[in-house]
Structure formats: C-alpha cells, structure tokens
Amino acid sequence: MTLTRRHALLAGATLPLVPAFAPLAHAAADKLGAATPPFRRYNLGSFEVTPLLAGTRVQEDPKAIFAGNVPQEEFEAAAHAAFLPTDRAQGFFTPTLVNTGSELILFDTGLSQEGILAALEAAGHSADEVDLVVITHMHGDHIGGLMEGETPTFANARYLTGQVENDHWSAQQNEGYEGKIRPLLETMSFVAGGDEAAPGITAVEAFGHTPGHMAWRLESDGQALMLTADAANHYVFSLGHPDWEVRFDMDKAAAATRRALFGQIAEERIPFIGYHMPFPAVGYVETSGDGFRFVPESYQLMLNG
Ligand SMILES: [Zn+2]
C-alpha cells in the first residue's frame, strides 16, 4: 500500500486519508497442518502416468530396516552425508496409475482401501474406472487396498500378477493372500518376465525382495519409464548401498537384482518410479561409488507436455 500511495501522490492523485494504525479487519489464519498432495500426473508418450500417495508413515530405527548387516558408524555416516536422521525415516507407499488411453491400469494398491481410494479420487478417478490391477508382489503394503472385508475395492477390474509370486504365496497359508488375493483368483491372470499387461507395458523379472517380485517397464511413443516396485526400499540406504540388507527382502538375492535392475536404468538414463521412494517417487539413478545416486525428477517429465 505504501508504494501505491506514494506513487499515486507523486502522480498528483488525491486519496482518502488512511490512519497510520488502522485496525486490520481479519484475524490470524488457522494453521492447517503439514500437507503432501497425494498425486502427480505426467505424460509418457501417449500414456498418462500418475503416482498416487496411498499412505505415508514414520518408521522407527531405520538402521534395523535398511542396514541390517552394516556397522552402526557406517550407517550413521551415510545418513549424515544425505542430511537424514538416524532414529527415524519417513515411509511412503506409492501405487501408480497408468492410463493408456484405452485402459486404466493400477500397479499395487497400498495398505488399505481407504488410502488408495483417497489418492485415486484426489487424482480425479474412481475405483470403478480401474480396468486392470497389476500386483508387483504380495506383501501387505501392496495388496492391502484390494479388498475391504469381503468386498473388492475395484468392482470392474480384472487382475494380473507374476506366476512365480502367486505360486509362492498360494502355498503358504498366508493371511494376506487368503484375504486379499484368493477371493480374486477367478479374474486373475499370471505372467512371466517379458509378458505384457497391455501394449507397451512389459513385466521384468526382479526376483529377490519376494520370490516372484516383478518390475514393469512402460514404453510409449519412444519414451520409457520403469516401475521398480520394491527392488530398492530406500533412496539413499538401498540405492547407495545395494548390498545393505533390507529387513523385507525375503531372499538375499535381492541385492544382485537391485544392482542389475538399477544398473540398466542408469545405463538407459530413463526415469523410474520406486514404490517406497520419497513421494512423488519419481527419479533417475546414476552409478556412484559402490552403488547408485538417486536424482529426483524435477521438471524433466513436465516437459513431456
Ligand atoms: Zn513394499
């Protein structure tokens, strides 16, 4: 106001007199709490790719989760170098929606129906629109949103997952499998590496985190992106140090898979979406030291239009 008034005065205008200490007409605004928008949307060729934040929570004792076989000092040095605390981490759960133009395909479903529906609706979609749900692997934080009680979340969807993964869990008497997967088997199909979920969406075997864990490669009009699911569980500890043992890796072969998959992504210089990377979970990797350096996407994908 000061500038405007002075400029006006300089211009010779007449203004109503305003008392120097006029009381303000509004109260202080309410604080609304920290917030993270639950979706981003990008173009990839003719696909729309939408990472959905279906949940996020604090994880205590990250060393025990992400650095099981590492001396405390080594873990602390890596955390310090990355400006991360050593006592807590923030966990993210990021299913990805892909609209191919003819089908709406959801990769994984988060911890619960509530979480995936909130993110899906924030992104402008409804559960009924989902044509196909792809399950990368059958840990609870990926299959949790498939059902609420006896009711499937995605009423019109069919399902697809890895044959090896299904064979493993179907033989386990696993509560998650019995509650979330078995009721859907009638409309579920099973794939191996190299098979497609839709044109341009190809399964990539990334066994180790679970016995039949799958990554998925998206490719449209010459643009590619890899959905890496849980091939790496932390953007610093797991990518920077692929051999550090992650509590949730069922088979220690996960480390070799991590190296191979992210080695390929680094070489191709394509973006990837990692289910547990910091939201929106999109970035690049370059080889660095004994592992990889995560480079978050900034605006590269926005340039896709
Ligand atoms: Zn997971």
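Note that ligands are numbered from 1 as they come in the structure, with each ligand's atoms numbered from 1 the same way. Note that the coordinates shown come from a computational prediction; the quantities given were computed from them, not determined experimentally.
Residues Gln72 and Glu76 bring a donor and an acceptor atom of their side chains to less than 3.5 Å of each other. One side chain, Thr136 or Asp108, offers a donor N or O that lies under 3.5 Å from an acceptor on the other.
Taking the six-membered ring for Trp and the full ring otherwise, the centers of Phe92 and Tyr275 sit at least 6.0 Å from each other.
Any protein N/O/S atom under 2.8 Å from the Zn ion (ligand 1) was counted, giving 4 altogether.
Salt bridge annotation for Arg269-Glu267: absent, with no cationic side-chain nitrogen under 4.0 angstrom from a carboxylate oxygen.
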Distance-only criterion, 3.5 Å: show the donor-acceptor pairs between side-chain atoms of residues 206-216 and protein atoms not counting sequence neighbours.
residue: His209; atom: ND1; partner: Asp249; partner atom: OD1; Å: 2.7
residue: His209; atom: NE2; partner: His137; partner atom: NE2; Å: 3.4
residue: His209; atom: NE2; partner: His139; partner atom: ND1; Å: 3.1
residue: His209; atom: NE2; partner: Asp230; partner atom: OD2; Å: 3.1
residue: Thr210; atom: OG1; partner: Glu165; partner atom: OE1; Å: 2.9
residue: Thr210; atom: OG1; partner: Glu165; partner atom: OE2; Å: 3.1
residue: Thr210; atom: OG1; partner: His213; partner atom: N; Å: 3.3
residue: His213; atom: ND1; partner: Ala206; partner atom: O; Å: 3.0
residue: His213; atom: NE2; partner: Asp230; partner atom: N; Å: 2.9

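In this pair, Phe294 and Tyr235 present their aromatic rings perpendicular. The plane angle is above 60°, beyond the 30 to 60° band.
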